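Only a predicted model underlies this, so the values are computations on that prediction, with no experimental measurement involved. Keep in mind that the numbers below use all heavy atoms, side chains included, and drop hydrogens, waters and symmetry copies.
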Amino acid sequence: MKSTHLYIDGQNLFARIRSILRRRGLLNDLTHYDFWGLFNHLFKNENVDLATFYFAKLHSSRHTQEKSQELIEREAQLRKHLEQQGFRYITGGSVRSRVRNDGITFEEKGVDVRIAVDILQDIYEDKVGKIILASSDSDLQPVVYAAKAKHIPVVYLGFQVRPNRGLILTTDHTLLVTNDDIAHFIIYTNNQME
């Protein structure tokens with residue numbers, strides 16, 4: 001029996017979740033977030049056999065030594081949290097700092113390519129029967145077409161606020177996450193409730 005794979009653009013998902021939680025004044029430390037709770041809620045009628053988070057590799061920079069180290073430590077905590085919940089964690093591409101006149105920015109490059117390569121490999125090795133794509137990156141549309149050419153259904157998992165219209169139109173089914181869905185799966189510890 002072919003399996004259902006969930007491919008998750010980690011930076012994309014995390015940025016959206018943090019933004020939603022921040023606007024609601026809620027805890028946005030994602031090492032206290034029940035990702036499987038969220039996905040099980042969304043996929044009531046799906047059996048997800050394999051779920052993989054994809055992240056860009058962080059690099060330390062001489063211009064941003066302190067901030068780079070903070071991000072690298074936070075990434076290690078998130079990785080541990082996700083692996084404890086049973087997710088695969090894959091790094092592809094990289095995050096680089098760029099010094100500009102108005103300050104330093106961090107840019108992620110290459111995660112979409114790694115997701116696309118893994119999906120194509122799974123398709124052509126006949127490992128996947130259904131794809132759930134948790135990414136709002138239009139660059140992944142060609143991989144959707146490749147899956148459809150092999151008669152593999154693709155579900156787009158996006159956000160109700162600003163979903164990707166191209167992925168909605170090219171995939172077989174769309175699931176949109178609401179802000180209430182996101183807020184519901186924070187894991188509060190005793191210290192945080194006091």
Side-chain angles (χ1 to χ4, degrees), residues 1-18 30-58 74-95 108-159 163-164 166-168 170-177 181-182 184-187:
M1 176 114 184
K2 293 182 185 176
S3 58
T4 297
H5 290 201
L6 169 59
Y7 304 85
I8 307 158
D9 181 336
Q11 260 101 0
N12 179 279
L13 181 72
F14 280 22
R16 296 292 290 272
I17 289 175
R18 280 192 181 109
L30 297 184
T31 60
H32 299 286
Y33 196 82
D34 181 5
F35 291 98
W36 268 124
L38 173 66
F39 294 135
N40 287 333
H41 168 72
L42 296 171
F43 308 133
K44 292 177 182 85
N45 301 320
E46 298 284 346
N47 184 24
V48 176
D49 300 296
L50 181 64
T52 306
F53 271 92
Y54 291 84
F55 289 91
K57 178 124 178 92
L58 293 165
R74 185 167 49 174
E75 178 190 30
Q77 292 171 345
L78 283 170
R79 180 179 189 148
K80 181 179 176 185
H81 177 66
L82 291 170
E83 288 176 341
Q84 285 174 340
Q85 287 193 33
F87 292 97
R88 278 195 327 165
Y89 185 103
I90 292 179
T91 54
S94 61
V95 175
E108 172 258 303
K109 296 286 182 190
V111 168
D112 56 340
V113 172
R114 178 61 195 262
I115 293 171
V117 167
D118 283 1
I119 291 173
L120 288 172
Q121 184 173 351
D122 288 345
I123 289 170
Y124 289 103
E125 290 179 1
D126 212 23
K127 291 182 178 177
V128 64
K130 187 175 205 174
I131 294 167
I132 302 172
L133 184 58
S135 174
S136 290
D137 193 332
S138 294
D139 291 342
L140 291 168
Q141 282 181 281
V143 116
V144 172
Y145 292 123
K148 289 176 98 166
K150 292 285 194 176
H151 307 288
I152 297 171
V154 181
V155 176
Y156 163 51
L157 175 61
F159 288 85
N164 184 298
L167 288 171
I168 288 173
T170 55
T171 55
D172 298 291
H173 184 67
T174 298
L175 284 172
L176 297 178
V177 183
D181 290 335
I182 296 298
H184 186 74
F185 292 97
I186 298 170
I187 302 168

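Taking CZ from Arg79 and CD1 from Ile90, the interatomic distance works out to 9.0 Å, rounded to the nearest 0.5 Å. Taking OH from Tyr54 and CG from Leu13, the interatomic distance works out to 14.0 Å, rounded to the nearest 0.5 Å. Taking CD1 from Ile115 and CZ from Phe53, the interatomic distance works out to 11.0 Å, rounded to the nearest 0.5 Å. In this structure, CD on Gln121 lies 11.0 Å from CD1 on Ile123, to the nearest 0.5 angstrom. Taken to the nearest 0.5 Å, the CZ atom of Phe159 stands 12.0 Å off from the CG atom of Leu175. Between Thr31 atom OG1 and Gln84 atom CD the span is 10.0 Å, to the nearest 0.5 Å.
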Output a table of donor-acceptor pairs, distance under 3.5 Å, between side-chain atoms of residues 150-158 and any protein atom two or more places apart or on a different chain; print 'none' if there are none.
unit_1 : atom_1 : unit_2 : atom_2 : d
Tyr156 : OH     : Ser136 : OG     : 3.0
Tyr156 : OH     : Asn164 : N      : 2.9

Discussion item. If you apply the rule side chain to side chain contact (heavy atoms under 4.5 Å, CB included), what do you find for Asn12 with Asp137, and how did you get there?
Written reply: CA-CA 9 Å; Asn12 179 279; Asp137 193 332; 5.9 Å; no

Item to complete: Start with the C-alpha gap between Val48 and Phe39, add the side-chain angles, then the distance that decides, and say whether side chain to side chain contact (heavy atoms under 4.5 Å, CB included) holds.
Response: CA-CA 9 Å; Val48 176; Phe39 294 135; over 6 Å; no

Practice prompt. Evaluate the criterion side chain to side chain contact (heavy atoms under 4.5 Å, CB included) for residue pair Asp181 and Leu38; output intermediate values, then yes/no.
Written response: CA-CA 7 Å; Asp181 290 335; Leu38 173 66; 4.1 Å; yes

Item to complete: Start with the C-alpha distance between Arg18 and Tyr33, add both sets of side-chain angles, then the distance that settles side chain to side chain contact (heavy atoms under 4.5 Å, CB included), and finish with yes or no.
Response: CA-CA 11 Å; Arg18 280 192 181 109; Tyr33 196 82; over 6 Å; no

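The closest side-chain heavy-atom distance from Asp172 to Lys148 is below 4.5 Å. Using a 4.5 Å heavy-atom cutoff, the side chains of Asp112 and Asp9 are not in contact. Within the 4.5 Å cutoff, no side-chain heavy atoms of Arg88 are placed close to those of Tyr7.
Across all their heavy atoms, Gln11 and Val111 have their closest contact at OE1-CG2, 4.1 Å. Closest approach of Thr4 and Asn47 over heavy atoms only: CB-O, 3.5 Å. Closest heavy-atom contact between Ser135 and Leu167: O-CD1, 3.2 Å. Scanning all heavy atoms of the two residues, the minimum distance from Leu120 to Ala146 falls at CD2-CB, 3.6 Å.
Of the possible donor and acceptor atoms, none in the side chain of Gln141 sits under 3.5 Å from a partner among the backbone N and O of Thr170.
Gln85 and His81 form a side-chain donor-acceptor contact under 3.5 Å, judged by distance and modelled atom types alone.
Ring centroid separation for the pair Phe35 and Phe14 comes in under the 6.0 Å cut-off. Checked against the 6.0 Å centroid threshold, Phe87 and Trp36 count as a close aromatic pair.
Here the rule is side chain to side chain contact (heavy atoms under 4.5 Å, CB included) with His5, and of Asp122, Thr52, Ile131 only Asp122 fits it.
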